[in-house]
Each structure stands twice: as structure tokens, then as C-alpha cells.
Trainee: 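One structure coming up, written as C-alpha cells, with questions to follow.
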Amino acid sequence: MSAVACTVALWTSSALAQDGARLASQLCAACHGVHGDSKSPMFPKLNAQSTDYLVAQLKGFRQHMRGESDARSYMWAIASQLDDATVASLADYYSRQTPTSGAAGDAALMAEGRKIFEQGLPDKGVPACASCHGAQGHGNGQFPRLAGQHADYILRQIEVFQNGTRANAPVMSAVAHTLGAADAKAVATFLQSQ
Ligand code: HEC
Ligand code: HEC
């Protein structure tokens with residue numbers, strides 16, 4: 001971890017600190033993949049993510065607003081080294097990268113996930129995810145893109161919204177509390193393949 005923080009410190013002290021594309025390829029790509037197309041569910045994909053959401057998350061990590069353990073271990077130190085101009089440049093870079101979709105899962109599970117995403121589960125008080133995350137899950141403004149994201153990352157986020165360690169977004173925490181484990185699995189499986 002300290003090696004990573006040290007690399008960032010070196011970078012941000014250089015004149016190229018605001019060059020998001022270069023910082024992305026030299027540092028962020030080690031975890032988030034080339035052009036943000038992460039290959040491991042440990043690390044969220046960043047390609048084609050909403051600019052405003054990326055800015056909010058990077059500033060949020062800097063302010064320790066996301067308290068889940070993976071954010072603490074990986075992103076707090078990195079974000080602490082990024083100034084506002086660098087954050088803006090990184091967000092601009094990632095938002096322009098081509099989106100990619102992940103592997104499809106069990107057909108019945110995906111059909112159930114699509115239903116939850118598009119219509120919600122009125123009986124259980126689950127709102128349609130599409131009403132905030134966009135009809136295709138492409139995100140917009142403060143609402144993150146979910147289409148193509150690793151299912152296991154999505155499930156982990158639903159879990160940390162539920163257990164309160166990712167407590168910066170009361171609206172999404174409320175939504176997460178309505179989701180049972182099977183519902184979460186279905187919608188995450190569907191989203192990964194989009
Ligand atoms: C050592 C690995 C590592 C490096 C290097 C790294 N990250 Fe991360 N990043 C993570 C992990 C792990 C998470 C997920 C945290 C969680 O699950 O809460 C994350 C989460 C994020 C998120 C939140 C995404 C979302 O969908 O909410 C953003 C934005 C982000 N990183 C940007 C960056 C940028 C920009 C860089 C380079 C300056 C970078 N990261 C470098 C490991 C890393
Ligand atoms: C009322 C609006 C709203 C609805 C409905 C909603 N969300 Fe969200 N969601 C948000 C907001 C806002 C965020 C960003 C939170 C933040 O800024 O950290 C978010 C974040 C997320 C994240 C974290 C993404 C990341 O990259 O870390 C996941 C996963 C998620 N939502 C899944 C869902 C699912 C699944 C549904 C449907 C069951 C849903 N959301 C419905 C508003 C909503």
C-alpha cells in the first residue's frame with residue numbers, strides 16, 4: 001500500500017499531474033485494468049462511468065466518506081494524493097472509455113434480474129433501479145453506470161450499503177435494505193452482462 005501511495009506522490013509532484021490519461025495508465029490500470037476495463041471483480045470497472053459520479057467518489061475517498069474496508073485499504077491513500085484538477089482529468093478520461101460487458105449468467109436468473117432492474121418488486125418495496133441508473137443502466141450525473149460492472153463488485157456494494165459501512169448515500173442505502181440476497185444476486189447477474 002505504501003508503495004502505491006509513494007508512486008502517486010511522485011506522480012502528483014510532477015508537471016504531468018493533471019494528465020489523467022497518463023496517471024490512469026501508469027497507476028490506476030494496475031488494479032482497474034487498461035482503459036478502466038478491470039478483469040477482476042475485486043476492482044470496479046471505470047470505463048464509461050459517469051463523470052460526475054467519478055468526481056464525487058474520488059473526492060469522497062479523499063474525505064473518507066466511503067468507509068467500507070476495501071475503500072479504506074486501497075482508495076483512501078491514493079485519493080489523498082489527488083488534487084481537484086487531477087480528479088477532474090481522471091474522471092474525464094474514464095468517462096470517455098469504451099464500455100465493456102461481462103459474462104452472461106443463468107438465463108432464469110438474468111430474466112429475474114432484468115425484471116427487478118426495469119420494474120422493481122412492488123410487493124417488497126424494491127424500486128426500479130432503472131428509474132435512477134437509467135433505462136439501460138448507463139448511469140447519469142450522480143447515478144453511476146451499472147451496466148457491465150462485475151456482479152461480485154455490485155453484490156459487495158449492496159452489502160456495504162446494507163451494513164452501513166458505505167454510508168455516504170442514504171438514498172441508495174434505503175434501496176439496498178429492500179433487496180433480499182436472491183434479488184441482489186439476480187440483478188447483479190443481469191447487470192454484469194449488459
Ligand atoms: C491497488 C489497487 C488500486 C489502485 C492502484 C487504484 N484503485 Fe481505485 N479502487 C480499488 C478498489 C479495491 C476499489 C473498490 C473499493 C470498494 O470496494 O469499496 C476501488 C474503487 C475506485 C473507485 C470507485 C468506483 C465505483 O464504481 O464506485 C474509483 C472512482 C477509483 N477506484 C478510481 C481510481 C483511480 C482514478 C485510480 C488511480 C489514480 C485508482 N482508483 C487506483 C483499488 C485500486
Ligand atoms: C432513488 C435513486 C436510486 C435507485 C432507485 C437505485 N439507486 Fe443505486 N445508487 C443511487 C445513487 C445516488 C448511487 C451513488 C451513491 C454514491 O454516490 O456513492 C447509487 C449507487 C449504486 C451502486 C454502487 C455502484 C458503484 O459503482 O459502486 C450499486 C451497486 C447500485 N446503486 C445498485 C442499485 C440497484 C441494484 C438498484 C435497484 C434495486 C438501485 N441501485 C436503485 C441511487 C439509486
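Whatever order the structure lists them in is the order used to number ligands and atoms, beginning at 1.
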Trainee: Pairs of nitrogen or oxygen atoms closer than 3.5 Å, one from Q157 and one from ligand 1: do any exist?
Mentor: yes
Trainee: Looking only at heavy atoms, is any part of F117 under 4.0 Å from ligand 2, and if so is it the side chain, the backbone, or both, or is it neither?
Mentor: neither
Trainee: Under 4.0 Å between a Lys/Arg side-chain N and an Asp/Glu carboxylate O for D84 and R62?
Mentor: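 Here D84 pairs with R62 in a salt bridge, since their nearest N and O are under 4.0 Å apart.
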Trainee: N/O/S of C31 less than 2.8 Å from atom 8 (Fe) of ligand 1?
Mentor: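 No.
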Trainee: Side chains of N140 and S50 only: does a donor on one sit below 3.5 Å from an acceptor on the other?
Mentor: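 Looking only at side-chain atoms, S50 and N140 do not form any donor-acceptor pair under 3.5 Å.
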Trainee: Closer than 4.0 Å to some heavy atom of R156 - which atoms of ligand 1 meet that?
Mentor: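 Ligand 1 atoms under the 4.0 Å threshold to R156: 17 (O).
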Trainee: Would you say V160 and L155 are hydrophobically clustered, going by side-chain heavy atoms of ILVMFWY under 4.5 Å?
Mentor: no
Trainee: I need the atoms of ligand 1 closer than 4.0 Å to a non-hydrogen atom of I78, numbered in the order shown.
Mentor: 4 (C), 5 (C), 6 (C), 38 (C), 41 (C)
Trainee: Using a strict 4.0 Å cut-off to heavy atoms of E68, name the atoms of ligand 1 that fall inside it.
Mentor: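 In order of numbering, the contacting atoms are 16 (C), 18 (O).
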Trainee: Looking at D92 and R96, is there a salt bridge between them, counting it only when a charged N and a carboxylate O are closer than 4.0 Å?
Mentor: yes
Trainee: When you compare ligand 1 with Y153, is there at least one nitrogen or oxygen pair between them that comes in under 3.5 angstrom?
Mentor: yes
Trainee: Just let me know how L58 lines up against ligand 1, side chain, backbone, both or neither, with a heavy-atom cut-off below 4.0 Å.
Mentor: side chain
Trainee: Who's closest to atom 29 (C) of ligand 2 heavy-atom-wise, of D52, N168, I154?
Mentor: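 Ranked by closest heavy atom to atom 29 (C) of ligand 2, first place is I154.
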Trainee: Quick check: are there more than 12 heavy atoms from other residues, nucleotides or ligands sitting under 6.0 Å from NE2 of H35?
Mentor: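 No.
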Trainee: Could you tell me whether K185 and D183 make a salt bridge, using a distance below 4.0 angstrom between a side-chain N and a carboxylate O?
Mentor: no
Trainee: Identify whether the distance between the nearest side-chain nitrogen and carboxylate oxygen of K115 and E112 falls below 4.0 Å.
Mentor: yes
Trainee: Relative to ligand 1, is P44 under 4.0 angstrom through side chain, backbone, both or neither, heavy atoms considered?
Mentor: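 Under 4.0 Å from ligand 1, P44 contributes side-chain atoms alone.
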Trainee: Atoms of ligand 2 less than 4.0 Å from V187 heavy atoms?
Mentor: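 This gives 35 (C) as the contact atoms.
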Trainee: Between ligand 1 and K45, is the shortest N or O to N or O distance under 3.5 Å?
Mentor: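 By distance alone, the answer is no.
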Trainee: May I ask whether Q57 has any heavy atom positioned less than 4.0 angstrom from an atom of ligand 2?
Mentor: yes
Trainee: Identify, by atom number and element, the atoms of ligand 2 in contact range of A128, meaning under 4.0 Å from any of its heavy atoms.
Mentor: 5 (C)
Trainee: Looking only at non-hydrogen atoms, find the nearest pair between T178 and G125 and report the distance.
Mentor: CG2-O, 3.5 Å
Trainee: What atom name does the N, O or S atom of H32 nearest to atom 8 (Fe) of ligand 1 carry?
Mentor: NE2
Trainee: Regarding atom 23 (C) of ligand 1: of the candidates R66, R166, M75, which has the closest heavy atom?
Mentor: R66
Trainee: Number the atoms of ligand 1 from 1 as they appear, then name those within less than 4.0 Å of a heavy atom of L46, with their elements.
Mentor: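 Contacts of ligand 1 toward L46, numbered from 1: 24 (C), 28 (C), 29 (C), 32 (C).
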Trainee: With a 4.5 Å heavy-atom cut-off, do D70 and R156 have their side chains touching?
Mentor: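 Yes, close enough: below the 4.5 Å cut-off.
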Trainee: Does A56 come within less than 4.0 Å of ligand 2, judged by its heavy atoms?
Mentor: no
Trainee: Would you say Y74 and ligand 1 have an N/O pair spaced under 3.5 Å apart?
Mentor: no
Trainee: At a cut-off of 2.8 Å, what protein N/O/S atoms sit near atom 8 (Fe) of ligand 2?
Mentor: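 Checking every protein N, O and S atom gives H133 NE2, M172 SD.
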Trainee: With sequence neighbours left out, write down each residue that passes side-chain contact (heavy atoms from CB on, under 4.5 Å) with R66, or none if nothing qualifies.
Mentor: Y53, Q57, F61, E68, A71, Y153, Q157, R166, N168
